[in-house]
> 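Before I ask anything, let me first share the structure, which is written out below as structure tokens.
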Number of protein chains: 2
Amino acid sequence: MQPTEGELVILQVLWSAGPSTVRDVNERLNESSSKEIGYTTTLKLMQLMSGKGLVSRDTSSRTHVYSAVLPEEKAQKTLLRRFVDTTFGGSASRMVLRALGDGKTSPEELAEIKKLITQLEKDGNND
Amino acid sequence: MQPTEGELVILQVLWSAGPSTVRDVNERLNESSSKEIGYTTTLKLMQLMSGKGLVSRDTSSRTHVYSAVLPEEKAQKTLLRRFVDTTFGGSASRMVLRALGDGKTSPEELAEIKKLITQLEKDGNND
DNA sequence: CGGTGATTACGAATCGTTTCGTACAAAGAT
DNA sequence: ATCTTTGTACGAAACGATTCGTAATCACCG
């Protein structure tokens, strides 16, 4: 099952913060977001995700603790593949060129990417 | 205004085929798609897009001819932004690292990307 | 003419997602 | 014991996007 946009936002929290309660996630969402998201809204979404198998939950204590089932890297790769296929005709490099071309990437990030490329060139790596 | 998923599909037809009638687009959609899409569905969508300014139309003859207003490149950028936000927490560089990290990018492409980065680093570009 | 087919316009049904109100249960404090 | 707080469950409203039925209009053909 493929996560919706809202579910993806929650997955991101779980990925970056690790196993979390609904309250944790909800607070995290409201830190950044402009519009207040109700607690039960987050709860419901996470319950739905649990039903879909996107997250697992530990219900042994009263306040359930949720964890992402899909590892971040795997989910991102799948989504990336699909996205590149449908909107860049399968060419990752065209996509990358466009992504970097908007001038919003910091020098540090550029340097990091460059380093990765050099690395890839060096050993003809395949994952 | 940001195109929806369905609108994007139509835009892609207009980009690749150039100015088209509703029937043209609808037929194109039904060639590839598994599920038959009704003519008036396509029509309605294109009318909405016209209202939003995503497409323009020549109504001088009875069968209107629609053209994409948004250039492909700009749309891709918007899409990219959305995608990066929802699945990479807004970090384009993390996305790029993931994209290149799957070992499917050819040496030529890597070189090209590297060249772009060098270029960006050189003149502190801001689009 | 009158009929047939193609076209636009538009309201409304439908569908999936998100949001939240409300009910109820558990745990701790006094 | 009861009050308060914090939690889950769940139905349903709200919302946006998509889909389509239907009416009106136009153009062509006999």
Side-chain angles (χ1 to χ4, degrees), chain A residues 1-14 19-67 75 79 82 86-87, chain B residues 1-14 19-67 70 75 78-79 82-83 85-87:
Chain A
M1 177 63 89
Q2 118 171 331
T4 68
E5 289 215 354
E7 291 169 342
L8 224 26
V9 172
I10 287 174
L11 281 177
Q12 277 173 36
V13 173
L14 293 180
S20 309
T21 66
V22 174
R23 183 150 305 281
D24 290 339
V25 171
N26 182 247
E27 276 169 5
R28 192 68 121 56
L29 294 184
N30 283 323
E31 277 168 18
S32 39
S33 167
S34 46
K35 188 185 177 301
E36 174 81 9
I37 296 168
Y39 173 82
T40 56
T41 300
T42 305
L43 170 66
K44 176 72 164 198
L45 212 30
M46 291 175 75
Q47 285 171 341
L48 290 174
M49 293 169 75
S50 174
K52 291 184 185 178
L54 286 172
V55 299
S56 62
R57 58 177 173 177
D58 175 356
T59 60
S60 62
S61 67
R62 180 160 136 67
T63 69
H64 301 175
V65 176
Y66 289 74
S67 312
L79 293 169
R82 185 173 315 142
T86 59
T87 111
Chain B
M1 177 63 93
Q2 179 173 295
T4 68
E5 205 66 25
E7 290 170 344
L8 221 23
V9 173
I10 288 174
L11 281 176
Q12 269 159 13
V13 172
L14 293 179
S20 311
T21 66
V22 174
R23 183 148 306 278
D24 290 338
V25 171
N26 182 247
E27 275 168 5
R28 192 68 119 53
L29 294 184
N30 283 323
E31 277 168 19
S32 38
S33 168
S34 48
K35 188 187 175 298
E36 174 81 8
I37 295 169
Y39 175 81
T40 55
T41 300
T42 306
L43 171 66
K44 176 72 166 201
L45 212 30
M46 291 176 75
Q47 284 172 342
L48 289 174
M49 291 170 77
S50 174
K52 291 183 185 180
L54 286 172
V55 299
S56 63
R57 58 177 174 178
D58 175 356
T59 60
S60 61
S61 67
R62 178 159 143 70
T63 69
H64 301 175
V65 176
Y66 290 75
S67 313
L70 204 62
T78 309
L79 241 24
R82 194 160 82 197
F83 178 71
D85 280 350
T86 57
T87 115

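Letters A, B, ... mirror the listed sequences (proteins, then strands); counts begin at 1. From a predicted model like this one, the values you see are computed outputs, not experimental measurements.
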> Please figure out whether B:I37 or B:K52 has its closest DNA chain D nucleotide nearer the 5' end.
B:K52

> Tell me the interatomic distance from B:H64, atom NE2, to C:dC10, atom P, rounded to whole angstroms.
11 Å

> Output the rounded distance in Å from OH (B:Y66) to C1' (C:dA9).
10 Å

> Scan A:T63 against the nucleic acid and name what it touches under 4.0 Å (heavy atoms): base, sugar-phosphate only, or nothing.
sugar-phosphate

> Output yes when at least one side-chain N/O atom of B:R57 is less than 4.0 Å from OP1 or OP2 of C:dA9, else no.
yes

> Does the side chain of B:T4 get closer than 4.0 angstrom to OP1 or OP2 of D:dT18 through an N or O atom?
yes

> Whole angstroms only, please: what is the CG-C1' distance between A:N26 and C:dT19?
12 Å

> With no hydrogens and no angle check, is any side-chain donor or acceptor of B:T86 less than 3.5 Å from a backbone partner on B:R82?
yes

> Which nucleotide, D:dT8, C:dT18, C:dT19, lies nearest any side-chain atom of A:K35?
C:dT19

> Is it true that B:K44 and B:E7 have a side-chain N and a carboxylate O under 4.0 angstrom from each other?
no

> If you take atom types as modelled and just measure distance, does the side chain of B:K44 reach the base of C:dG11 with a donor-acceptor pair under 3.5 Å?
yes

> Looking at the side chain of A:T40, which of D:dA9, C:dT18, D:dG21 is the nearest nucleotide?
D:dA9

> Closer than 4.0 Å, any side-chain N/O of B:R62 to the OP1 or OP2 of C:dA9?
no

> Looking only at side-chain N and O atoms, does A:Y39 come under 4.0 Å of OP1 or OP2 in D:dT8?
yes

> Measure the distance from CD on B:E27 to P on C:dT7 and round it to the nearest whole Å.
9 Å

> If I take atom CG in residue B:L8 and atom C1' in nucleotide D:dT18, what distance separates them, rounded to the nearest angstrom?
15 Å

> Are any non-hydrogen side-chain atoms of B:L29 and B:I10 less than 4.5 angstrom apart?
yes

> Between A:T41 and C:dC20, is there a side-chain N or O to OP1/OP2 distance below 4.0 Å?
yes

> In this structure, how many angstroms lie between the C1' atom of D:dA9 and the CE atom of A:M46, rounded?
15 Å

> Got A:Y66 and A:T21 here, is their nearest side-chain heavy-atom distance under 4.5 Å?
no

> Side-chain donor or acceptor of B:R23 under 3.5 Å from a matching atom on the base of C:dA6?
no

> To the nearest Å, how far apart are A:L48 CG and C:dG16 C1'?
11 Å

> Can you check the A:Q47 CD to C:dC20 C1' distance for me, whole Å?
13 Å

> What distance separates A:T40 OG1 from A:M46 CE, expressed to the nearest 0.5 Å?
13.0 Å

